[in-house]
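Note on naming: letters A, B, ... go to the chains in the order of the sequence lines (proteins, then strands), and numbering restarts at 1 for each one.
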Amino acid sequence: MANVSLVDIEKRFGAHVVIPRLNLEIADGSFVVLVGPSGCGKTTTLNMIAGLEAITAGQLLIGGRDVTDMPPKDRDIAMVFQSYALFPHLSVFENIAFGMRIRRLAKSEIDAQVQSVADRLRIGSLLERLPKALSGGQRQRVALARALVRRPGVFLMDEPLSNLDAKLRIEARSFLAKMHHEIGVTTVYVTHDQSEAMTMGDTIVVMKDGVVQQAASPLVVYNMPANTFVAGFIGSPAMNFLELSLAGSTLVDPDNGFSIPIPDRLRGALNGYGKPKVVLGVRPEGLRPAARAADASGMPQLTIDVAQHLGHETLLDASSGPHRVVARVAASDDSRIGERRPFVFDQDHMHLFDQDSGANLAARAGL
Amino acid sequence: MSEAAAIVRPNRTWVRLRYATPKIFATLFALLLAAVWIGPLALMVITSIKPNSEFLNGPFAWPIAPTLEPYRKVWQGLNFGVLMENSLIYAAAGSALAVGLALVPAFALSRFEPPGKRYIFALLLTGLMLPQQTVLIPLYDILRWLHLFDTRIGLILVHGVYGMPSQILILRGFMTTIPRDIEKAAQIEGATDFQIFTKVILPLAIPGIVVGYTLNFIAIWKEFVFALVFLNSEAIFPVTVGMLKLNSDRYISAFNLPSAGLVISQIPIAILFILAYRRISSGNFVGSVKG
């Protein structure tokens with residue numbers, strides 16, 4: 001097991017800067033998920049840790065050793081690829097044994113280790129088969145076995161579940177989490193799927209354009225997103241954003257009937273802000289139509305555009321002027337399409353973001 | 001009148017015919033092409049089992065008294081067994097040399113960015129476009145200088161080197177299709193470039209090697225000019241040059257003998273193609289990447 005330190009890492013392809021300057025500390029035994037949209041630099045970062053991409057500038061330490069210019073085989077890592085990358089001409093046994101054969105280990109040791117890891121991953125009966133005779137899930141386990149048998153200090157995984165169907169993916173997700181819990185190897189996992197990131201990682205590193213937007217535990221990222229990008233990327237449906245004017249301790253848009261008091265806990269975040277507008281962020285579960293009998297005076301009125309009945313809950317798409325929101329409500333909600341209803345904005349779910357930079361004002365103020 | 005009754009049902013036969021017509025024409029066209037292709041081959045086989053007099057009476061007529069005599073005459077008269085053996089040696093060894101010489105450059109060109117890669121490609125393409133005749137004199141000089149003129153080794157070397165550029169292009173194209181992730185996985189497992197080449201790329205490139213080898217084998221089997229110019233001794237002539245004897249007497253037109261010789265000479269090619277086809281058509285990367 002080993003910790004991984006990325007110090008001022010930079011990656012360029014010619015004149016094109018892909019990773020401007022990356023600093024990241026991955027603790028020994030942790031499960032870190034690099035997440036972000038396509039092109040954010042997460043796979044490039046993983047490839048640099050693996051040694052498959054040269055590092056343009058900066059320093060990479062694995063287990064305290066500077067491995068910046070070392071080839072992959074000397075980095076004490078193993079990797080599972082998105083495509084599995086099994087050797088198609090070799091049997092499952094030979095796929096798993098490939099690295100050990102390269103290192104010229106004794107036959108008895110190879111046999112014992114392959115059998116042990118295969119039994120652990122429940123592929124012991126498939127050892128004679130070629131990869132083409134395996135299902136997607138079995139191939140994925142063979143790829144995992146090939147990586148596990150090396151007993152690496154760091155496990156690197158590049159979207160290993162993205163080629164599995166939805167049911168198998170959920171199974172594999174819990175299998176991987178359980179495996180990590182058992183063996184405790186430091187794991188760096190790349191995905192573009194925010195729900196995968198939320199459920200698997202001890203730490204989520206959200207990236208955009210090669211820059212780390214936030215690195216924290218899943219709940220911190222969800223409940224205290226560093227900026228509008230993180231807030232919009234993590235969570236499904238995404239957080240709702242409304243650009244509103246500041247009028248004392250109230251957020252207003254008189255043209256569309258919005259007048260929302262700023263929660264006490266967020267008022268300090270606006271000290272010295274000095275801009276006329278702010279972006280209000282509310283997660284879908286922080287919004288709901290007011291009860292029909294309740295006094296709705298002062299509440300923003302929104303028109304129900306779409307009601308998505310999911311069985312266990314309903315998602316309401318509602319709008320007023322330029323403002324569009326999605327609310328997660330109980331399955332029993334009886335809102336009708338086209339109906340105009342007053343909405344309650346839950347004070348505990350509100351976030352305020354800088355209208356220009358998108359930074360979370362409370363996080364910036366250290367609240 | 002009800003709405004349902006107003007619907008006019010078209011005649012089903014006409015509808016079927018309308019949809020089938022393009023298919024009928026396409027099939028007829030394909031049959032015509034097949035006839036153009038198979039016709040000369042069939043004529044060659046038919047001529048080879050006719051006495052020559054029968055051929056002269058009606059070249060396209062079905063044989064009245066089929067005979068294998070032309071085959072016996074050609075086999076014995078030309079010492080066809082030796083010719084076939086020579087051709088086999090030139091084609092097998094020349095193709096092996098061409099493929100062997102091409103493997104490493106093809107790997108390098110498919111995976112790395114050597115300086116001047118574009119120029120290397122231009123050079124290879126130029127090599128392919130040069131007419132065979134333009135290299136006859138330089139090759140003749142080189143073979144004499146190496147004391148390899150009129151030797152089997154000399155002709156094998158010429159075939160190997162002449163076939164190499166096309167083999168590089170074929171193998172490079174094939175190696176480019178081998179998924180990069182497989183190579184990266186081997187790299188992660190600790191394989192060196194040489195081990196990646198021998199343990200991963202080479203086994204996966206076998207269909208490409210078989211294709212290249214087969215094409216080169218056929219090209220050498222059919223080759224005439226190099227063998228005619230660089231060989232003098234009858235004992236080491238390939239089939240193509242050896243069969244010239246059948247044409248040496250301009251006053252006798254024996255068509256059945258060359259036909260029999262041609263049929264015999266095509267048998268190894270047919271066998272090779274059948275053997276190679278199964279290997280070429282086997283999906284080699286199935287299961288390596290994705291689901």
[X] versus chain B, heavy atoms under 4.5 Å apart: side chain, backbone, both or neither?
X: A:L52; value: side chain
X: A:R103; value: side chain
X: A:A143; value: neither

Problem - Contact winner vs chain A - B:K199, B:Q187, B:E189, heavy-atom pairs under 4.5 Å - result: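 Heavy-atom pairs under 4.5 Å are most numerous for B:E189.
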Which donor-acceptor pairs under 3.5 Å do the side chains of residues 88-95 of chain B make with protein atoms, sequence neighbours left out?
unit_1 : atom_1 : unit_2 : atom_2 : d
B:Y90  : OH     : B:I236 : O      : 2.6
B:S95  : OG     : B:A91  : O      : 2.6
B:S95  : OG     : B:F217 : N      : 3.1

Practice task
Check step by step if side chain to side chain contact (heavy atoms under 4.5 Å, CB included) holds for A:F98 and B:V200.
Solution key: CA-CA 10 Å; A:F98 187 87; B:V200 179; 3.9 Å; yes
For [X], I'd like to know if atom [atom1] has over 12 heavy atoms of other residues, nucleotides or ligands within 6.0 Å.
X: A:F13; atom1: CZ; result: yes
X: B:I153; atom1: CD1; result: no
X: A:R151; atom1: CZ; result: no
X: B:F112; atom1: CZ; result: yes

Handout entry: Side chain to side chain, B:I206 and A:H89, heavy atoms closer than 4.5 Å
Key =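 Counting from C-beta outward, B:I206 and A:H89 never come under 4.5 Å.
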Exercise for the section: Would you indicate whether the side-chain heavy atoms of B:I182 and A:S83 approach each other to under 4.5 Å? Expected result: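 No, their side chains stay 4.5 Å or more apart.
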Exercise for the section: Grab the two heavy atoms, one from B:A185 and one from A:A85, that are nearest each other, plus how far apart they are. Expected result: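 For B:A185 and A:A85, the tightest heavy-atom pair comes out as CB-O, 3.7 Å.
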Handout entry: Of A:K73, A:R146, A:R150, A:R75, the residue whose pairing with B:I188 passes side chain to side chain contact (heavy atoms under 4.5 Å, CB included)
Key =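 Filter result, single survivor: A:R150.
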